[in-house]
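Whatever order the structure lists them in is the order used to number ligands and atoms, beginning at 1. In this text the structure is predicted, and so the values were computed from the model without any measurement.
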Amino acid sequence: MNIVLLGPPGAGKGTQAERIAKTYGVPHISTGDILREAVAAKTELGQKAQAYMGRGELVPDELVIGIVDERIQRPDCAKGFLLDGFPRTIQQAEALDEKLTRQDKRLDVVLNIVVDEEELIKRLTGRRICATCGAPYHVLFKQPQAPGVCDVDAGELCQRPDDTEEVVRNRLEVYKRQTAPLIEYYRDRDILVDIDGDRPVEQVFENIRSALEAKV
Ligand code: AP5
C-alpha cells in the first residue's frame, strides 16, 4: 500500500509512522529525517537545507522532489511505502503523481492528521528526541524511564533546533500557506481520510488502522 501522512508540524506523523511501518511492513520515508541526517553529515544537500530548516521554512521543491524520487525507486518500496512529511506543496504533489504514474503506481490513501493549533505548540515546544536514534519523547506526555535518556538505546535526549516557540509559530504559518491546500487536492481525488489526532497515541493508531483496513 502506498500511503501519505499529511498534517501540521507536531500532529504526530512521526509517532504514528513508526507504528504503521511496523504493523504493515512498509518503509517509513521521512523527508525531515533525511534532511536532518544530511545536515548532521554536512553533505551538500545538508548545507543547502540547513538555513531553511532553522527558520522553519520549506526546503526548495527541487531538492526534496529529487530525494523522494530516488528513494521510492529502491527495491524495498516495490510493495508499498509510507511518506511522512512529503508532499508539502502542490508542486511536490504533482511531481509525485507524475513519477508514480510513470512507474504504473498510485497513492492508495492520504491520512490527514488533524490537531488544533494550541495543542501543536504544546507538543512541539515540549518535544525531546533521542540524539542517536531520533525516537520522540515529550516533557509532559511521553517521558522516558530515566530523565534525559532514551529508553531504546540510552542516547541523550535533546530539543530540535526548530522546536523553539518562535520557529514553531513560523512552521505553523508555513504549513497553512503552503501545505494545507493539499487537503483539498487529495480530497478532490477521493483518497483523503481525516484522522482525529487529538486523542491518545494508541487510539489515533487504532483509527488509522481502521482507515487502512477499509482501503485493502
Ligand atoms: P519534519 O521533520 O517533517 O517536521 P514536521 O512536519 O514539522 O513534523 P514534526 O516532525 O515536527 O511533527 P510530527 O507530526 O512528526 O509529530 P511527532 O510524531 O514528532 O520537517 C522538518 C523540516 O524539514 C521542515 O520544517 C522543512 O524545513 C524540512 N522539510 C521536511 N520535509 C519537507 C518537504 N517535503 N518539503 C520541504 N521541506 C521539507 O510528535 C510531536 C510531539 O507530540 C512528540 O513529542 C510526541 O511524543 C507528541 N505526540 C505525538 N502524538 C501525540 C498524541 N496523540 N498525544 C500527545 N502527544 C503526542
Side-chain angles (χ1 to χ4, degrees), residues 4-21 28-40 45-46 48-69 71-72 82-93 95-96 111-116 118-130 134-144 150-151 157-164 167-180 182 195-208:
V4 164
L5 269 177
L6 189 64
K13 301 183 296 296
T15 301
Q16 297 300 329
E18 257 179 49
R19 287 164 174 75
I20 299 169
H28 169 203
I29 303 169
S30 156
T31 42
D33 287 348
I34 295 171
L35 291 167
R36 275 184 291 279
E37 279 163 24
V39 169
L45 168 68
K48 287 184 186 155
Q50 188 166 22
Y52 295 99
M53 296 173 78
R55 290 193 301 268
E57 304 288 337
L58 296 186
V59 172
D61 285 336
E62 59 276 15
L63 292 179
V64 193
I65 289 169
I67 298 173
V68 174
D69 186 25
R71 182 64 188 86
I72 61 176
L82 171 62
L83 287 172
D84 161 8
F86 183 95
R88 256 175 150 103
T89 62
I90 296 283
Q91 199 191 331
Q92 291 179 17
L96 178 63
L111 300 166
N112 177 39
I113 307 186
V114 183
V115 177
D116 83 48
E118 281 315 304
E119 172 71 13
L120 294 172
I121 293 169
K122 257 193 267 166
R123 286 188 188 180
L124 290 174
T125 53
R127 172 168 57 185
R128 299 293 179 269
I129 51 162
C130 172
Y137 294 85
H138 193 279
V139 292
L140 302 175
F141 312 135
K142 191 185 175 214
Q143 295 168 347
C150 177
D151 297 342
L157 301 190
C158 55
Q159 187 176 37
R160 256 170 57 173
D162 59 348
D163 276 350
T164 59
V167 181
V168 164
R169 288 194 185 273
N170 191 39
R171 287 163 63 197
L172 292 171
E173 287 309 310
V174 167
Y175 166 80
K176 283 184 222 161
R177 211 170 47 237
Q178 294 184 264
T179 307
L182 291 177
I195 301 287
D196 180 359
D198 206 352
R199 310 248 161 223
V201 170
E202 290 312 325
Q203 209 175 315
V204 176
F205 181 61
E206 278 316 307
N207 293 341
I208 287 178

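V4 places none of its side-chain heavy atoms less than 4.5 Å from the side chain of F86. Within the 4.5 Å cutoff, the side chain of L58 has no heavy atoms near those of the V64 side chain. The closest side-chain heavy-atom distance from D196 to V204 is not below 4.5 Å. When side chains are defined from C-beta on, V201 does not count as touching K142, because their heavy atoms never get closer than 4.5 Å. Within the 4.5 Å cutoff, no side-chain heavy atoms of I29 are placed close to those of D84. Considering only heavy atoms from C-beta on, V114 stays 4.5 Å or farther from I195 through its side chain. Looking at heavy atoms from C-beta onward, R128 lies out of side-chain contact with P144 at the 4.5 angstrom threshold. The closest side-chain heavy-atom distance from T179 to T89 is not below 4.5 Å.
By the 3.5 Å distance cut-off applied to N or O atoms, D33 is not counted among the residues near ligand 1. In terms of polar-atom proximity, V64 is not counted as a contact of ligand 1, lacking any N or O under 3.5 Å from an N or O of the ligand. Considering backbone and side-chain N/O of R128, none are found under 3.5 Å from N/O of ligand 1. For a threshold of 3.5 Å applied to N or O pairs, the pair formed by R160 and ligand 1 contains at least one separation below that value. Inclusion of L35 in the set of residues having an N or O under 3.5 Å from an N or O of ligand 1 is not warranted. Considering both main-chain and side-chain atoms, Y137 comes within under 3.5 Å of ligand 1 through a nitrogen or oxygen pair. Considering backbone and side-chain N/O of G7, none are found under 3.5 Å from N/O of ligand 1. Checked by distance only, ligand 1 and P9 stay at 3.5 Å or farther apart across all their nitrogen or oxygen atoms. Considering backbone and side-chain atoms together, G14 places an N or O closer than 3.5 Å to an N or O of ligand 1. Polar contact check, K13 against ligand 1: a nitrogen or oxygen pair lies under 3.5 Å apart.
Scanning all protein heavy atoms for the shortest distance to atom 3 (O) of ligand 1 gives R88 NH1, 3.1 Å. Summary of contacts: the protein heavy atom closest to atom 16 (O) of ligand 1 is G12 N, 3.2 Å. Nearest protein neighbour of atom 12 (O) of ligand 1, counting heavy atoms only, is G10 N, 3.0 Å. Residue, atom and distance of the protein heavy atom nearest to atom 27 (O) of ligand 1 are E57 O, 2.6 Å. Atom 31 (N) of ligand 1 has its closest protein heavy atom at T31 OG1, 2.7 Å. Here the protein heavy atom with the shortest distance to atom 55 (C) of ligand 1 is R123 NE, 3.8 Å. Counting protein heavy atoms only, atom 34 (N) of ligand 1 is closest to G85 O, 2.8 Å. Among all protein heavy atoms, the one lying closest to atom 23 (O) of ligand 1 is M53 CE, 3.4 Å.
A salt bridge links R171 to D163: at least one charged side-chain nitrogen sits closer than 4.0 Å to a carboxylate oxygen. A salt bridge links R19 to E202: one of the charged nitrogens lies within less than 4.0 Å of a carboxylate oxygen. Ionic pairing of E173 and R177 is not present here: no N-O contact between side-chain nitrogen and carboxylate oxygen is shorter than 4.0 angstrom.
Close contacts of ligand 1 with Q92, meaning ligand atoms under 4.0 Å from a residue heavy atom, involve 33 (C), 34 (N), 35 (N), 36 (C). Close approach to R36 involves these atoms of ligand 1, each under 4.0 Å from a residue heavy atom: 2 (O), 21 (C). Here is the list of ligand 1 atoms found below 4.0 Å of a heavy atom in G197: 53 (N). Atoms of ligand 1 found under 4.0 Å from any heavy atom of V201, numbered from 1 in the order shown, are 50 (N), 51 (C), 52 (C), 53 (N). Ligand-side atoms of ligand 1 in range of R171: 4 (O), 5 (P), 7 (O), 9 (P), 11 (O), range being under 4.0 angstrom from any heavy atom. Close approach of ligand 1 to L124 is summarised as follows: ligand atoms under 4.0 Å from at least one heavy atom of the residue are 11 (O).
Residue D198 does not touch ligand 1, judged by heavy-atom distances below 4.0 Å. Heavy atoms of R199 found under 4.0 angstrom from ligand 1 belong exclusively to the backbone. Residue contacts with ligand 1, taken as heavy atom pairs separated by less than 4.0 Å, involve L58 via backbone and side-chain atoms alike. Contact annotation for Y175 and ligand 1: no heavy atom of the residue comes within less than 4.0 Å of the ligand.
When all heavy atoms of I67 and I34 are compared, the closest pair comes out as CG2-CG2, 3.7 Å. Nearest heavy-atom pair across E57 and V174 is OE1-CG2, 3.8 Å. The heavy-atom pair separating L5 from K13 by the smallest distance is CD1-O, 3.3 Å.
At most 12 non-hydrogen atoms from other residues, nucleotides or ligands lie less than 6.0 angstrom from CD of Q91.
Among residues two or more places apart in sequence or in another chain, the ring-ring contact (aromatic ring centres under 6.0 Å, His included) test is passed with H28 by none. Remark: Y52 pairs with no residue by the ring-ring contact (aromatic ring centres under 6.0 Å, His included) rule, at least two apart or across chains.
Among T15, D162, L5, the residue whose heavy atom lies nearest to atom 17 (P) of ligand 1 is T15. In the candidate list R127, Q203, R55, E202, R127 is nearest to atom 40 (C) of ligand 1, counting heavy atoms.
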